[in-house]
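I have placed the structure first, in the form of structure tokens, so that the comments after it can refer back to it.
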Amino acid sequence: MAGENQVILTVVQKEMEKMENAIKREKAILKNIDDITATLEHIAELVESGKEFPENSAYESYKDWQESAEKEIKSYTTSLETIDKYRSLLAAYQFYVKNNTPEA
């Protein structure tokens, strides 16, 4: 039983490390959302001003560019939701480790 517990503790600790690393990316994700939001505002300004869409763009149109930016925001928002789940799981894992680590 003690050997099985050690295996479980090792797995849980590895998962904790993965989750901690994912949580560390939260600020970068928030920055990306801010950047893409600014891009969406810029697109809206360009559309409103009637500026012609550049020919050498990676996108077909302003609408295509806007839809791509909105998809990126949705993806980053999903990542933030995952990070929130990781916080809860991390707390549960920490509780498990605290209560199942053999005393020295």
Side-chain angles (χ1 to χ4, degrees):
M1 187 75 154
E4 182 180 326
N5 189 40
Q6 187 56 46
V7 170
I8 293 170
L9 281 171
T10 300
V11 170
V12 167
Q13 289 168 335
K14 285 181 183 178
E15 287 299 309
M16 286 172 59
E17 187 176 329
K18 289 179 192 176
M19 290 178 187
E20 288 167 347
N21 289 334
I23 291 168
K24 288 177 186 175
R25 293 192 297 270
E26 182 178 34
K27 284 186 181 181
I29 292 169
L30 290 169
K31 183 183 179 308
N32 288 338
I33 289 173
D34 286 346
D35 291 346
I36 297 169
T37 300
T39 298
L40 285 168
E41 291 170 3
H42 179 66
I43 294 168
E45 291 168 1
L46 291 171
V47 169
E48 189 175 311
S49 72
K51 186 169 182 175
E52 191 173 315
F53 192 77
E55 290 181 25
N56 62 348
S57 175
Y59 301 99
E60 296 289 322
S61 65
Y62 286 125
K63 183 178 179 184
D64 184 39
W65 187 11
Q66 178 185 2
E67 288 173 354
S68 177
E70 289 170 347
K71 285 179 186 177
E72 282 188 71
I73 286 178
K74 186 175 182 179
S75 174
Y76 285 128
T77 301
T78 299
S79 294
L80 290 175
E81 291 168 359
T82 300
I83 286 172
D84 282 342
K85 289 177 193 173
Y86 284 172
R87 280 195 177 93
S88 297
L89 283 171
L90 186 59
Y93 286 158
Q94 288 168 338
F95 179 83
Y96 178 84
V97 168
K98 178 181 176 189
N99 290 294
N100 290 283
T101 300
E103 303 208 9

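Along the sequence shown, residues carry numbers from 1. A quick note: this is a predicted structure, and the numbers were derived from the prediction, not measured.
You'll find the side chain of Y96 stays beyond 4.5 Å of the side chain of M16, heavy atoms only. For the pair L30 and Y76, the minimum side-chain heavy-atom distance is 4.5 Å or more. Looking at heavy atoms from C-beta onward, Y59 lies in side-chain contact with S68 at the 4.5 angstrom threshold.
Remark: K63 pairs with S61, E67 by the side-chain contact (heavy atoms from CB on, under 4.5 Å) rule, at least two apart or across chains. Legend: residues meeting side-chain contact (heavy atoms from CB on, under 4.5 Å) with E17, ordered by chain and number and at least two apart, are N21. Listed by chain and number, the residues in a side-chain hydrogen bond (donor to acceptor under 3.5 Å, both in side chains) with E26 are R87 (sequence neighbours excluded). Take Y62 and apply the ring-ring contact (aromatic ring centres under 6.0 Å, His included) test, not counting sequence neighbours, and it matches F53. Not counting sequence neighbours, the partners of T37 by the side-chain contact (heavy atoms from CB on, under 4.5 Å) test are I33, E41, I73.
Interatomic distance, CD of E72 versus OG1 of T77, reported as 11.5 Å (0.5 Å rounding). Between R25 atom CZ and N32 atom CG the span is 12.0 Å, to the nearest 0.5 Å. To the nearest 0.5 Å, atom OG1 of residue T39 and atom CD of residue Q66 are 11.5 Å apart. Note: K14 NZ to Y93 OH = 13.5 Å, rounded to the nearest 0.5 Å. Atom OG1 of T101 is separated from atom CD of Q6 by 8.0 Å, given to the nearest 0.5 angstrom.
N5 contributes a side-chain N or O that, together with a main-chain N or O of N100, makes up a donor-acceptor pair within less than 3.5 Å. Of the possible donor and acceptor atoms, one in the side chain of T78 sits under 3.5 Å from a partner among the backbone N and O of K74.
Looking at every heavy atom in both residues, L90 comes nearest to I23 through CD2-CD1, 3.9 Å. Shown here for I29 and S79, the closest heavy-atom pair between the two residues is CD1-CB, 3.8 Å. The two residues L40 and A69 come nearest to each other via the heavy atoms CD2-CB, 3.7 Å.
Linking ILVMFWY residues whenever their side-chain heavy atoms come closer than 4.5 Å, directly or via other members, places M19 and V97 in the same cluster. When the side chains of ILVMFWY residues are joined at heavy-atom separations under 4.5 Å, either directly or via intervening members, L89 and V11 end up in two distinct hydrophobic clusters.
Within the structure, no pair that satisfies the ring-ring contact (aromatic ring centres under 6.0 Å, His included) test touches residues 17-38, not counting sequence neighbours.
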Please report the C-alpha distance between I43 and V47 in whole Å, then the side-chain angles of each, then the deciding distance to 0.1 Å, and finally whether the side chain to side chain contact (heavy atoms under 4.5 Å, CB included) criterion is met.
CA-CA 6 Å; I43 294 168; V47 169; 4.3 Å; yes
